Structure formats: structure tokens, C-alpha cells
Amino acid sequence: MKIWLFVRTTFMIALLTGLLMAVGYLLGGARWMTYMFWFAVGLSFVTFWYSDQLVIKMMKARVVGREEAPQLYAIVERLSKQAGLPMPKVAIIDDPTPNAFATGRNAKHALVTVTTGILELLNEDELEGVLGHELTHIKNHDILVGTIAGALAGAVIYISYFAKYLAVFKAIFGDLSLDRLFYALLIAITAPIAAVIIRSAISRRREFAADEGGARLSGKPWALASALLKLNEAIKKLQEEQKAKKSRQNPLGNPGLAHLFIVNHFEGDRVSKLFATHPPTEARIEHFREIAKEMGVEFPY
């Protein structure tokens, strides 16, 4: 299963790179296609080495120690030992949106981050389940894959946006024929959609694996299920409050990183399964029910 997931993920990242090269061809032919290939390689390299630092700056997280967050630090330390992982850095984001994520290039350079909102919302058992989920992401090397996939998908989206206007400009003032303009616009419009679908597919597969790892690591599948239900309810309430205030500002405001979190705080109830970065909560709860049965523990949901 792990080998198949690795092959599938590698293929999808190659597809994202191919999309970027296709947009490059639209921008300037074979030369720009080559430029985009090396751009993808460079972007992946930067993401590999500096993902934890970049995310800390973008999310305005602060790294904390045992003295500053004793309960949080102790849980991460205990679960890391159980998982056979080195102790990751622990960080907190001052934000009421309850959520958590992990990032970094490998287990030795990993970062587990939680918001103040999740620390206030969950009890210790539920927090253990969430942190076990994030540590499983680290153990399965998901943190690097998710960050690279997000970076490549974001590059496809932004470059495609400018490519559309460039194609129209070349058609009006250059030598781009109408049929080539049609194909150029088709690539520029469909590439971002395909990039989002690919990134979402990578994330959904790995969320199920992390759910199972988190449930088994904490030994409390019911607690992680309870945490997910609480998180979804709290995020939905925050979204409704923002809608009532007619505010466009989203908590933890970068949608390009939302797939890294245990729940996607940008997705509403009407998001298509095709574009969703996380499995439906109902499917995740059913998965926990099966895990609890295998473990021989009670499951109240």
C-alpha cells in the first residue's frame, strides 16, 4: 500500500510539473517549456530545504519550548517516542481558528504547529489524537510531499493567470493565429483546474493514512473522531460569523496552505469531492469506526 501511494504521488507531482511546462510552452514555445521545467525543479528544491521556515513566516507561527507550552510539548514528546521519531519543533499560531498541521523536509527537520483556537477547544485526549495524526504525516513523509505539491499547484495557477492575458496580447499585436489562441486559452484555463484536482487527490489519500496512524498511535480512535467533529463545527461557526459580518478575510488566511491542516478551514459544505483536499468527515468517522473495531475499543459515534 505504501509503495503504491508513493508511485501514485510521484506520478501526480510529475503531472503538476508537466502542467507547468505546458503553460511555459504557451508563454514562449519550447524554450519557455524548458525554463518552466527548471523552475519546477528549483521550486521543489527551495521547498525541500526551507519549507518549515517559509511556513513559519507565512503563518506567523512562533516556536515554543517545554516551559512555554508544557502540556502541548509533553504530548508531542511522548507520541514522538512511541512513533520512533525524533522530537520535532513545536509552534503555536495566535489564531482563534482551531486547526493543526505539520511541515518540514524530513523527520529530523519537522515542525508541528497548532493554533491557540485548537488548544482552547479540545481536551487532552482529543489533542493527543490530532497530534498523533500530524506525527503520522511526518512518519509517512507527507509533510514534504504536501508542501511541494502545494507549491507546484500554486505556481501553475498564478502563471496560468498571466498566460491568458499574454495569449490575448500576442493574438492582437503579434502573430498568434486564432486557432493557436483557442488552444492557448484552453491550456491556461484548464491547467489550474487540473492542478487543484491533482493536489487535492494527493492530500485526500494521505489524510486517510494519517487518520489511521493518529488513531493507533494515541490508542483512542474515538478521541480523534470527537476532535474532527468539534473542529468542523467550530470552523463552520466561524465561517458563518464572517459571512454575517460580510468579511472576506479568512482565518489563517492563505488558501494555498490549507491542504496541510488536519481540516481545511476554507472548504464549505458545497465543495465538490473532486476539489476537496480532505475526505468527507462522515467517511473519516466511518474509517475510525472500523479502526476501533480492529483495536477492540469502544466507539460511541
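The residues of the chain are indexed from 1 along the displayed sequence. None of these values were measured; they are calculated from a predicted model.
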Partner residues of T34 under the side-chain hydrogen bond (donor to acceptor under 3.5 Å, both in side chains) criterion, sequence neighbours left out: none
Which residues share a side-chain hydrogen bond (donor to acceptor under 3.5 Å, both in side chains) with E68, sequence neighbours left out: R62
Hey, does the side chain of [X] reach the backbone of [Y] with a donor-acceptor pair shorter than 3.5 angstrom?
X	Y	value
T113	I92	no
K139	A83	yes
Q82	L217	yes

In chain order, what residues pass the salt bridge (charged side-chain N to carboxylate O under 4.0 Å, His left out) check against [X], with sequence neighbours excluded?
X	result
E294	R216
E126	K230
R289	E286
E77	R66

To the nearest 0.5 Å, tell me how far [X] [atom1] sits from [Y] [atom2].
X	Y	atom1	atom2	value
T17	F39	OG1	CZ	11.0 Å
E120	T115	CD	OG1	8.5 Å
N99	I93	CG	CD1	8.5 Å
R284	I291	CZ	CD1	11.0 Å
T136	D211	OG1	CG	9.0 Å
L127	L121	CG	CG	10.0 Å

For R31, I'd like to know if atom CZ has over 12 heavy atoms of other residues, nucleotides or ligands within 6.0 Å. no
Contacts of [X] that satisfy side-chain contact (heavy atoms from CB on, under 4.5 Å) - sequence neighbours left out:
X	value
E233	none
I189	K164
A225	I285, F288, F299, Y301

Residues forming a ring pair (Phe, Tyr, Trp, His ring centres under 6.0 Å) with [X], sequence neighbours excluded:
X	answer
F208	H287
F101	F261
Y73	none

Taking the side chain as C-beta and beyond, is there a heavy-atom pair between I138 and S80 under 4.5 Å? no
Minimal non-hydrogen separation, L224 against G214, with atom names: CD2-C, 4.2 Å
